[in-house]
2 protein chains.
Amino acid sequence: MVYIVLNFPSPLVGEGSGEGGEVMETISIGKVAKKLGINIETIRYYERRGLIKAPPRKESGYRQYPAETVKRIQFIRHAKELGFSLKEIAELLSLRIEQGVTCGDVRKRAEAKIADIEERILNLQRMKNALSKLAKECKGRGPVSECPILEALEK
Amino acid sequence: MVYIVLNFPSPLVGEGSGEGGEVMETISIGKVAKKLGINIETIRYYERRGLIKAPPRKESGYRQYPAETVKRIQFIRHAKELGFSLKEIAELLSLRIEQGVTCGDVRKRAEAKIADIEERILNLQRMKNALSKLAKECKGRGPVSECPILEALEK
DNA sequence: ATAAACCATGTACTTAGGTACAGAGTCAAG
DNA sequence: CTTGACTCTGTACCTAAGTACATGGTTTAT
């Protein structure tokens with residue numbers, strides 16, 4: 001396959017070795033993957049899903065990621081670990097002023113997310129307390145025969 | 001199909017209308033599902049996965065759930081909402097003294113879970129702070145053009 | 001200049017966590 | 001005593017979130 005060849009000097013740097021005259025520091029998809037400990041395919045998947053915008057390419061067609069996008073991918077991963085779905089993460093990432101989005105709307109959505117997160121924190125704290133109690137009881141030799149965390153999240 | 005018929009009076013009550021002489025209050029799978037707002041199939045799925053033990057049956061083969069199991073299912077659902085996987089939830093539910101499990105082991109596992117949860121709480125708090133800041137900036141009319149939550153979870 | 005290592009696209013496969021029937025037996029209300 | 005609502009087992013299907021090739025161009029280190 002032949003890739004479209006840009007007929008003007010690319011503003012990308014790439015190659016890591018930071019010589020002078022750079023416009024934007026970028027790294028290859030493989031480097032991003034290694035740096036974040038994820039698969040190359042996952043990064044391309046996020047692009048397909050629209051979670052990150054398509055990065056600029058080299059003349060060869062190779063993706064070259066600017067630092068901003070790398071940070072964005074890292075955010076996605078961390079949020080994922082926290083239990084957010086990709087859909088929720090997309091919502092979080094869209095919380096900013098853009099064309100056709102009012103400030104009030106952003107604030108409203110942010111506040112809804114905050115309430116949601118507070119709820120989760122509360123429940124995690126309940127879970128933590130239940131586990132602490134369990135660990136303590138266990139130290140005290142009491143017979144912990146029932147399932148003691150069941151009460152943790154009762155609302 | 002013919003189900004195994006128990007040839008002794010069942011100790012179950014069922015049917016909801018609490019007459020005297022009950023040994024264990026139990027409810028049908030449909031009632032459990034409605035009560036918890038989940039599908040019947042999900043409950044059976046949890047049974048197949050070993051997250052809940054197979055409940056006693058009526059002579060007809062119908063499952064009859066004791067309150068304890070209902071609580072357990074509810075716990076699973078809440079923990080799921082918090083972002084725990086079914087595997088993690090199984091681990092949480094197994095945190096108790098049983099045959100062949102030492103108290104020290106349970107304590108160790110509980111403490112590991114606690115550390116894990118604390119980490120999550122911290123990250124959620126970071127996310128919340130970032131969102132609060134975003135909402136505040138938005139109130140103040142500042143141009144929130146960049147993506148301001150990216151910094152939220154940087155470690 | 002050539003092999004080893006990368007990367008591109010496209011398509012298929014996987015795993016987790018359910019959901020949705022089909023076909024058949026059971027229960028409860030009129 | 002029948003009809004509609006439940007439940008059973010088993011199997012197939014579904015969505016989310018990746019993962020794994022196959023095939024073919026690109027880069028780089030020797």
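Please read these numbers as outputs of a predicted model, since none were measured by experiment. Proteins come first, then strands; the chains are lettered A, B, ... in the order of their sequence lines, and each starts at number 1.
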For Glu151(A), what residues pass the side chain to side chain contact (heavy atoms under 4.5 Å, CB included) criterion, not counting sequence neighbours?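 Once residues adjacent in sequence are excluded, the partners of Glu151(A) under the side chain to side chain contact (heavy atoms under 4.5 Å, CB included) criterion are Glu154(A), Lys71(B).
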If you draw the axis of the six-membered ring of Tyr46(B), does the NZ or CZ of Arg72(B) fall within 45° of it and under 6.0 Å from the ring centre?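 No, Arg72(B) and Tyr46(B) do not form such a contact.
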Figure out the [atom1]/[atom2] separation between [X] and [N], and round it to whole Å.
{"X": "Glu59(B)", "N": "dT26(C)", "atom1": "CD", "atom2": "P", "result": "11 Å"}
{"X": "Lys31(B)", "N": "dT7(D)", "atom1": "NZ", "atom2": "C1'", "result": "12 Å"}
{"X": "Asn39(B)", "N": "dT7(D)", "atom1": "CG", "atom2": "C1'", "result": "14 Å"}
{"X": "Ile38(A)", "N": "dT19(D)", "atom1": "CD1", "atom2": "P", "result": "9 Å"}
{"X": "Ile29(B)", "N": "dT9(D)", "atom1": "CD1", "atom2": "C1'", "result": "12 Å"}
{"X": "Arg44(B)", "N": "dA20(C)", "atom1": "CZ", "atom2": "P", "result": "13 Å"}
{"X": "Glu47(B)", "N": "dG18(C)", "atom1": "CD", "atom2": "P", "result": "15 Å"}
{"X": "Ile43(A)", "N": "dT9(C)", "atom1": "CD1", "atom2": "C1'", "result": "16 Å"}

Any idea which of dA20(D), dA8(C), dG18(D) is nearest the Glu41(A) side chain?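 Of all the options, the side chain of Glu41(A) is nearest to dA20(D).
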Determine: side-chain N/O of [X] to OP1/OP2 of [N], distance under 4.0 Å, yes or no.
{"X": "Arg77(B)", "N": "dG18(C)", "result": "yes"}
{"X": "Arg63(A)", "N": "dA8(C)", "result": "yes"}
{"X": "Ser60(B)", "N": "dG25(C)", "result": "no"}
{"X": "Ser28(B)", "N": "dT7(D)", "result": "yes"}
{"X": "Arg57(B)", "N": "dG25(C)", "result": "no"}

Okay, side chain of Thr69(A), backbone of Tyr65(A): is any donor-acceptor separation there less than 3.5 Å?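 It does not hold such a pair.
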Check the pair Glu91(B) / Lys113(B) against salt bridge (charged side-chain N to carboxylate O under 4.0 Å, His left out), numbers first and verdict last. CA-CA 9 Å; Glu91(B) 283 165 27; Lys113(B) 282 288 168 200; 3.2 Å; yes
Do Tyr62(B) and dC6(D) have a side chain to base donor-acceptor pair shorter than 3.5 Å?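 Flag set: donor-acceptor pair detected.
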Any donor-acceptor pair, under 3.5 Å, between the side chain of Tyr46(B) and the base of dG17(C), if you only look at N and O atoms?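 In this structure, the two groups form no donor-acceptor pair.
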The single option from Ile73(B), Ile76(B), Val70(B) passing side chain to side chain contact (heavy atoms under 4.5 Å, CB included) against Ile43(B):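 That would be Ile73(B).
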Strictly under 3.5 Å: I want the nitrogen or oxygen pairs between protein and nucleotides 14-16 of chain D, one per line.
none

Most 5' of Arg48(B) and Gly30(B) on DNA chain D, judged by nearest nucleotide: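 That would be Gly30(B).
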Which atom names give the shortest non-hydrogen contact between Ala54(A) and Glu47(A), and what distance separates them?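 Looks like CB-OE2, 3.5 Å.
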Is the closest side-chain donor-acceptor distance between Thr26(A) and Arg63(A) under 3.5 Å?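 Side chains of Thr26(A) and Arg63(A): no pair found under 3.5 Å.
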